[in-house]
Every structure is written in C-alpha cells, then in structure tokens.
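Reviewing the structure listed below.
The figures that follow rest on heavy atoms only: side chains count, while hydrogens, waters and symmetry mates do not.
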Amino acid sequence: MRRLLILFAALLLLMMGYKDKIDIEDISLSLLVGIDLDEENNLVFSSSSPVFSKEAREKEEVYTTQAITLRKSRDKDDKTVMALTTGGKTQILLIGKRAMQQKGWFKMLEPYLRDPKNTLNVRIVMVDGFSYEVLQYAPKDKPRLPLYLFKLLETAAKRNITVSATLQDLRRATFEKGMTATVSEMRKDGKVFVIGSALLDEEGKYKLSIGEEENRLLRILQQQTKGEFQFTYKAADRPKGEIFPANAYSFSTEDISVKTKTNYADNKFKFDIHVKIRVVLAELMFPIDVRNEEKKLTREIEQQFEKKFDKFIDKVQQAKIDPIGLGLYARAFEYEHWKPVQKRWGEELAKADVNVKVKVEIAAMGTRK
C-alpha cells in the first residue's frame, strides 16, 4: 500500500511538471539586460535574447525601450517579441555609468531581488558609456554576445583584471557598513574591452575606476588571491632605452599571504598590512646576475610594491570609500571605537594610518641566468 502511495505521488508530481512546461521556442530568455539613463534623464532598458526559430536569419534579438521600471519595460517588449520574456536566465546586468552615478539606481534591480524566479547570480557590470550600445555589438568573429561577454568577464577575472561581482555580492556590500562595493567595468570602443573595476561609495553610487594593476593590488589587500597575478615594473636605477624598454621586468606570483593588524590610538584607526609574495621572473630586459644580486632585485620589487600600495590606498582614502574592507577589521578588533563612526566609516578611514609592508621572495628566475 505504501509503495502504491509513493508511486501515485510521483506520477502526480510528473503530471504537475508537465502541466507547467513551456517549449523553449515560446520563451524569450533575456540573457543580457541593460539599464541606462539618457541625457534627458529618461530610463532606458535593453535586453538581448537568443532566437531558437530555424527560419530566423538573425539568431539574436535586441530590444531597447524607455520605461519607468524594469518590469514595465517587459510590457513594451512583449508587444513585439513573439515569445514570453523571462529574466530567470539572465547572465549579465549592464548598468550605464550615467545611471550608476545617481543615488538610488539599485532600486531598478528590484525584480531580481523580489521575484524568486529571477537569478541572484547575475553578473553586475558598469559600462563606461551606454549599455545599450554594448548590447547592439554584433561581432562576426565571436560567438553569441551573451556567451562572449560572459567568457570575456570570466577570463578577465581569472587574470585579476577585474572583480567577479554578482547581484548577491552587490546586495551584501550595500548593506555592509564595513566595506564598499566593487563591480566590473567595461567599455565599447569599436570592440568591447574589460577595463578594470568600478568602485562604489557607501550609497552604492559610482565613485572612481581602477585599471588592471590597481585591481590586482585591491584583490591582494582583500585577500582574494585566487587566479593569476602578473606585474611589469621599471627599474628605477636603469636607463630607459631609446626604443625598446631597457629597464622593464615582469614577474608572476606563486603564493601570496596577507595579515592585517588593527589598532586605535590618537583618535584614529591604524592598520598594518603585511604582504608576503613569492615571485617567478618572466621577463628581465636588463643584464643582472640574479644569483649574486638577488637581494638588490628583491628590495627593488618590494619598494615598487609598497609605493604602488601607498598610492592606491591614498586614492581610496581621498574618495572616502573602503573597497578593501578595513572596516570589517575595525569592527572585529576595535568595536568600541568602530560603533560610533560606523555610519560615516568612509570619512573615518580617510583619517586612518594605513601602512603596507611587502616581503618578496624570488622563487624562480626562469631558464636563463
């Protein structure tokens, strides 16, 4: 009897699933969604969906429309799209820079946060320009645009050219007082380029952009050290060279460890960050006996790192933002001093002493002396 009941329940579930099934030809999957604010402050929504019809010549349909909300834009899309529009499979949300500079732009993502059929794993990308221009990009030497952009962002994140931020990450950072959010940034200039990351302030507004080198420094300070970290520096005491750079050298990292100590004295926070890096030389454009002059080259790399870390930290302090997450350390180890300033943490961090010391070990020098 029990087996019959289980079999009946299974058949019932199968029948319910069959009742809710929708043929893929009847769905318009918005894999890419763009949100922009035009020069007259009108909200512009765009979407890109694959076409599954065998008769269709174009395999991608792109729609751009003005509307007051993202959900309302679906009504306008459904007037011309032959299938039901759905956002459950959205891979990337492109936000125009002009929209991200406004307070409250995050409200536009309400359908993704409220409707459980929509995904929270969608990538968030700021476009330096208008996102609908990226959606209209149709390269003949690339796969479908959503697949191409997704792979492009994956590769860039693996190389630590940019971060890999989902809507879930962005929502968490928006509510977190000890850290400000960071999202990927791209630009369409003929082709589409990933140009680094966009740093947001405590209200979620765009504050400033960083390129690939600063993004790698940020990922190290965040202790997010997965993927590849490659650096190319110029030796300060070497001649530049007339045509070819005679003072350049490149290296990759094998192992990175970061320890942060937090203190409070003289009415301000103090952070001592110790970074240990094992490097592998990949390019050396000037003659040097690495075996005998290892200490000199090691100190050269350490000084270059410390100088660039100091410059980057000064940049975020001036912007009064905390993409590193130093506020998390302040709350964990100096809660008594953190509590009264948590709502204006950016201003408090701007006054803090942040010191970075780097210890480098040359693990390998390649197959040449």
Side-chain angles (χ1 to χ4, degrees), residues 128 152-163 182 184-187 189-197 199 208-258 273-316 323-324 355-369:
D128 184 13
L152 182 65
L153 289 166
E154 285 277 302
T155 304
K158 187 178 180 182
R159 296 275 191 189
N160 284 295
I161 293 172
T162 186
V163 297
T182 306
S184 299
E185 181 174 355
M186 65 171 47
R187 177 193 301 152
D189 187 10
K191 294 183 177 180
V192 171
F193 298 91
V194 177
I195 57 175
S197 298
L199 308 184
L208 57 90
S209 298
I210 56 174
E212 66 269 18
E213 185 174 270
E214 288 181 319
N215 190 77
R216 287 174 181 137
L217 298 177
L218 172 63
R219 300 300 280 169
I220 290 174
L221 294 176
Q222 289 176 332
Q223 302 193 32
Q224 300 294 327
T225 54
K226 290 184 179 178
E228 299 178 18
F229 289 83
Q230 298 179 1
F231 296 91
T232 297
Y233 288 163
K234 293 179 180 177
D237 60 344
R238 299 282 173 174
K240 295 179 181 178
E242 295 182 359
I243 299 177
F244 302 107
N247 59 348
Y249 60 99
S250 303
F251 56 88
S252 57
T253 62
E254 276 197 339
D255 186 29
I256 303 173
S257 67
V258 184
I273 304 173
H274 298 271
V275 181
K276 287 186 178 180
I277 305 177
R278 284 165 55 87
V279 306
V280 176
L281 294 175
E283 280 182 324
L284 199 56
M285 307 299 280
F286 49 87
I288 183 172
D289 187 339
V290 180
R291 292 183 190 276
N292 294 325
E293 299 183 68
E294 181 181 348
K295 286 186 178 178
K296 182 182 177 183
L297 184 59
T298 298
R299 188 56 193 149
E300 160 78 24
I301 298 173
E302 289 172 349
Q303 289 176 340
Q304 292 268 16
F305 263 124
E306 289 172 0
K307 192 183 298 183
K308 291 178 184 295
F309 274 125
D310 289 344
K311 188 176 179 181
F312 173 70
I313 288 171
D314 184 58
K315 194 173 178 178
V316 298
I324 303 167
N355 303 303
V356 181
K357 292 295 180 185
V358 180
K359 182 69 176 175
V360 168
E361 178 188 348
I362 298 177
M365 60 187 77
T367 55
R368 294 187 62 185
K369 289 185 178 178

Check your understanding: Does the pair F251 and I362 meet the rule for a side-chain contact (heavy atoms from CB on, under 4.5 Å), with working shown?
Key -> CA-CA 9 Å; F251 56 88; I362 298 177; over 6 Å; no

Point to revise | Candidates K296, Q303, Q304 - the one meeting side-chain hydrogen bond (donor to acceptor under 3.5 Å, both in side chains) with E300 | key: Q304

Review point. Could E214 and K315 be called an ion pair, given the rule that one side-chain N must be under 4.0 Å from one carboxylate O?
Key: yes

Name all residues meeting the side-chain hydrogen bond (donor to acceptor under 3.5 Å, both in side chains) criterion together with [X]; count only those two or more places apart in sequence or in a different chain, and write none if there are none.
| X | value |
| --- | --- |
| E302 | R299 |
| T162 | S184, S197 |
| N292 | D289 |
| D310 | none |

Got [X] and [Y] here, is their nearest side-chain heavy-atom distance under 4.5 Å?
| X | Y | value |
| --- | --- | --- |
| E213 | Y233 | yes |
| N355 | I273 | no |
| L218 | F309 | no |
| Q224 | V163 | no |
| Y249 | T232 | no |

Rounded to the nearest 0.5 Å, how far apart are [atom1] of [X] and [atom2] of [Y]?
| X | Y | atom1 | atom2 | answer |
| --- | --- | --- | --- | --- |
| F231 | T253 | CZ | OG1 | 6.5 Å |
| I256 | R216 | CD1 | CZ | 10.5 Å |
| K308 | I313 | NZ | CD1 | 14.0 Å |
| E228 | I161 | CD | CD1 | 9.5 Å |

**Study point:** Test applied, side chain to side chain contact (heavy atoms under 4.5 Å, CB included); reference residue, I324; option that passes from I220, L221, T182
**Key:** L221

Exercise for review: For the residue pair E185 and S209, confirm or rule out a side-chain donor-acceptor distance under 3.5 Å.
Suggested key: yes

Exercise for review: Output yes when a side-chain donor or acceptor of D128 lies under 3.5 Å from a complementary backbone atom of R187, and no otherwise.
Suggested key: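 Not a single qualifying donor-acceptor pair exists.
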
Review point. Can you check whether N160's main-chain N or O pairs, donor with acceptor, with N215's side chain at less than 3.5 Å?
Key: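 Yes; at least one donor-acceptor contact below 3.5 Å.
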
Practice item. Please name all residues satisfying salt bridge (Lys or Arg N to Asp or Glu O under 4.0 Å) with K311, sequence neighbours left out, ordered by chain then number. Key: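 Scan of K311 (salt bridge (Lys or Arg N to Asp or Glu O under 4.0 Å), adjacent residues dropped) gives none.
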
Under 3.5 Å, sequence neighbours excluded: what are the donor-acceptor pairs made by side chains of residues 274-286?
residue, atom, partner, partner atom, Å
R278, NH1, E361, OE2, 3.2
R278, NH2, E254, OE1, 3.4
E283, OE1, S250, OG, 2.6

Practice item. Provide the closest heavy-atom pair for N247 versus P239 in the form atom of the first, atom of the second, distance. Key: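 Minimum heavy-atom contact is CB-O, 3.5 Å.
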
